[in-house]
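Worksheet for the structure shown next.
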2 protein chains.
Amino acid sequence: MEDQKIRNMEEFSAVSGISRPTVSKYFNDPSSVRRSTRDRIEKALRQYDFRPNLFAINQNRKLTKTIGIVVPYLADPFFAEMVRLIERLCIDAGYWPIVFSAHGEVELENNALSTLASLRPAGALIAPLGRSSDLEAVQRFSEEVPTVVFDSNVKVGKAFVGSNNFQSIPMMVDYLCRSGEPPCFFEMPPINPNANKRREAYRQAMERLGYDPMIFKVEAMGWDFERIGFEDGGRLIADRAFPTNTILCSNDRLAIGLLSAAYQKGLRVGRGEGCALRVAGHDDHPWSRFSCPPLTTVSQDYRSIAESSVEMLFRFIDGQEVETETGERPELLFEGKLIMRASA
Amino acid sequence: MEDQKIRNMEEFSAVSGISRPTVSKYFNDPSSVRRSTRDRIEKALRQYDFRPNLFAINQNRKLTKTIGIVVPYLADPFFAEMVRLIERLCIDAGYWPIVFSAHGEVELENNALSTLASLRPAGALIAPLGRSSDLEAVQRFSEEVPTVVFDSNVKVGKAFVGSNNFQSIPMMVDYLCRSGEPPCFFEMPPINPNANKRREAYRQAMERLGYDPMIFKVEAMGWDFERIGFEDGGRLIADRAFPTNTILCSNDRLAIGLLSAAYQKGLRVGRGEGCALRVAGHDDHPWSRFSCPPLTTVSQDYRSIAESSVEMLFRFIDGQEVETETGERPELLFEGKLIMRASA
DNA sequence: TCGAAATCTTTACGCGCGGAAAATTACTGC
DNA sequence: GCAGTAATTTTCCGCGCGTAAAGATTTCGA
């Protein structure tokens, strides 16, 4: 590694002995230049450690290689994991993924979209906040840049990819009914369409089985589900408000909070003898297997959702319009798998 | 909102009736233009929704407004929270934070640094992977851009901000010794300096109190601490390898895994009657209060660490060199607080 | 060996904005 | 109303690279 600092492509082209346009060509696609010149460039690259300025690259390209990823809450393990998978897929495809988190706030979501738009990205993968999203802003954004929406099915963008709550929840309800008392439903704050869909899916599943749905909603809003599960769930337990010993939670984080409340009240959770409560979740968060007891839940197909979203986006970027029979925006829904652990 | 799309500052200057350089001035600092022109610009802004192209802005500024944030593992709640705080502080200061996660892999860390460098950021806040970092690469990076290192004290950059393990760990050891059997130490994989410092801090604290340190290290590597705590910790429990009933874990995630293992083996954890084990952690992760039982731990001062890191970085960006008495790179260490919960 | 095809070099322009300099205009306070 | 100053306009140039076009060179097949 030489001391001499390479400041731009011009200088690099000088030390490598290859003309600047060819060097430019190389950086856009190494395989587009002759083997021998490629070797010469890469030899110089090993010596001088140069990377083209990203701002300059993207400023003047008609199609940038930037892909925006916007999630509502990066500290949520589901999104942390999704981002990890998506980032990797983008990088491997030669794109530059750039992550934004709304941290649960509309202003930050709008800000992220606005910033992202000013980058004129090739495309965007966004999981909107949901109910609190500024739908008009999201809509405007999606008109400017090819957008695939995931997780939270807000009706914008060119496609949606997510989980099929109407498959996963009934599957869990079936299981719970077969193996014990029919579950009541402990609902997360209705921050996004998933919250409502899961509630409705529960209602339908129960009715189909001939049971009365028993739904418990909470007053609290926000993304700190564990706390909500703990406090509100704990209160419901203390008030003996749950009419059955089986509680299906909207998501794992809520369930983990509820498990904590049950533990502190000395209630044994599980399906064995001497258990006072069964608790089930939804999502199979990375930490659900380590709860006490380990959480019975439905796994979302993280990998499929990530891969399909990215694949779908690339098709739009390539200018392929994806048609469905109905002529509507395509919606890809993946099925969950029952993850049986000790909690229910 | 007019339909007409504003494509660049030129067009916006036309519709707003203000010259382009003045518009440019406005976007760099709205308070730098006269009230009346500011109003005219903002009126046009409400009508046309224009944002200067970020690539063009940053390409030609001697000092960009970009700030890079690099963390080793975004799915770790500690880093998720730190990123949240840091991002907010940067935005409020008028900077553009851009987050990179190494996802635990050197190649990705190097890649992030390389990408970041090509953005010629005003500064960078990085929490290196630690032991597996390519130190030379991090060093090279920090020579090019003002860098503040946080959490993991790798000896590069212009300053370090983190927690004082030699305060927090002894405090916990003291507490545990006072309130029951002296703790043994269940060590996280030695992926970064914190791992080693915490072990040493434990050793010293025990010796100072006249006890023999009892350290259990683990073969596994990687960032899935819960799994490691569960599997390796569970094995140690099964083998009755822990010589005391009190276990101090390197961090909360490890402790949570261990709690899970203990639960599944039917061991009651806590400090009351009939408890077989006491378990303590370190960091006060957002979820530690919801473990079963809730985890006794040491809280890291997230907010102070974030604020000081950012503040320190801004001083370097402003060209102020921060001197210490010894003439060395400044290291800001914050003290932890004992968080007493039920597990120990 | 020759010629076509592939690749490279040269030259030149443009992207959208920052920023400097000089000229002009708009505001202060008196 | 006036000077003095502050703000704005005009006019340029430059950042680092993408990209196009024309000409030079290399490669490769027959």
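Chain naming here is simple, since letters A, B, ... match the order of the sequence lines and numbering starts at 1 in each. These numbers were taken from a predicted model, which means no experiment stands behind them.
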- Message: What I want to check is whether an N or O donor and acceptor connect the side chain of B/Arg20 with the base of C/dG19 at under 3.5 Å.
- Response: yes
Open item on the list: Please determine whether any donor N or O and acceptor N or O are separated by less than 3.5 Å between the side chain of B/Gln59 and the base of C/dG18.
Closed with: no
Checklist line | Ring center gap for A/Phe78 and A/Tyr302 short of 6.0 angstrom | finding: yes
Rounded distance (Å) that lies between atom [atom2] of [N] and atom [atom1] of [X]:
X	N	atom1	atom2	value
A/Lys25	D/dA20	NZ	C1'	13 Å
B/Phe55	C/dC15	CZ	P	17 Å
B/Ile57	C/dG19	CD1	P	10 Å
A/Arg7	D/dC17	CZ	P	11 Å
A/Glu10	C/dA12	CD	P	14 Å
A/Arg38	C/dC8	CZ	C1'	17 Å
A/Tyr26	D/dT19	OH	P	17 Å
A/Ile6	D/dC17	CD1	P	11 Å

Report which part of the nucleic acid A/Ser36 touches: base, sugar-phosphate, or nothing (heavy-atom distance under 4.0 Å, all strands).
nothing
Discussion item. Using a 4.0 Å heavy-atom cut-off, does A/Phe50 contact any base of the nucleic acid, only the sugar-phosphate backbone, or nothing at all?
Written reply: sugar-phosphate
- Using 4.0 Å as the upper bound for N to carboxylate O, is an ion pair formed by B/Asp39 and B/Lys43? no
Original post:
Do NZ/NE/NH1/NH2 and the carboxylate oxygens of B/Arg140 and B/Glu143 come within less than 4.0 Å?
Top reply: no
Any A/Ser19 side-chain N or O less than 4.0 Å from OP1/OP2 of C/dC8: no
*asked:* So, OP1 or OP2 of D/dG18: does either fall under 4.0 Å of a side-chain N or O from A/Asn28?
replied: yes
Output the single nucleotide from [options] whose closest atom is nearest the side chain of [X].
X	options	value
A/Pro52	C/dT10, C/dC17, D/dC17	D/dC17
B/Asn8	D/dG16, D/dG18, C/dG16	C/dG16
A/Ile18	D/dC17, C/dC27, C/dT9	C/dT9
A/Ser24	C/dG19, D/dG18, D/dT8	D/dG18
A/Pro21	D/dT8, C/dG16, D/dA20	D/dA20

Query - B/Phe55 and A/Trp96 aromatic ring geometry - parallel, tilted or perpendicular at 30°/60° bounds - result: tilted
Classify the ring geometry between A/His103 and A/Tyr73 as parallel (under 30°), tilted (30 to 60°) or perpendicular (over 60°).
perpendicular
Contact check, residues 110-123 of chain A vs DNA chain C, heavy-atom distance under 4.0 Å, returns none
The residue, B/Ala56 or B/Arg34, whose nearest nucleotide of DNA chain C is more 5′ is B/Ala56
Ranking A/Arg51 and B/Ser32 by the position along DNA chain D of their nearest nucleotide, the one closer to 5' is B/Ser32
Check: Counting only N and O atoms by type, is there a donor-acceptor contact under 3.5 Å from the side chain of B/Ser309 to the main-chain atoms of B/Ile305?
Finding: yes
The ring-ring contact (aromatic ring centres under 6.0 Å, His included) partners of B/Tyr26 (sequence neighbours excluded) come to none
Which atom pairs, one a donor and one an acceptor, fall under 3.5 Å between side chains of residues 115-131 of chain A and the rest of the protein, sequence neighbours left out?
from     : atom 1 : to       : atom 2 : distance (Å)
A/Thr115 : OG1    : A/Asn111 : O      : 3.0
A/Thr115 : OG1    : B/Arg51  : NH2    : 3.4
A/Ser118 : OG     : A/Thr115 : O      : 2.7
A/Arg120 : NH2    : B/Arg7   : O      : 3.3

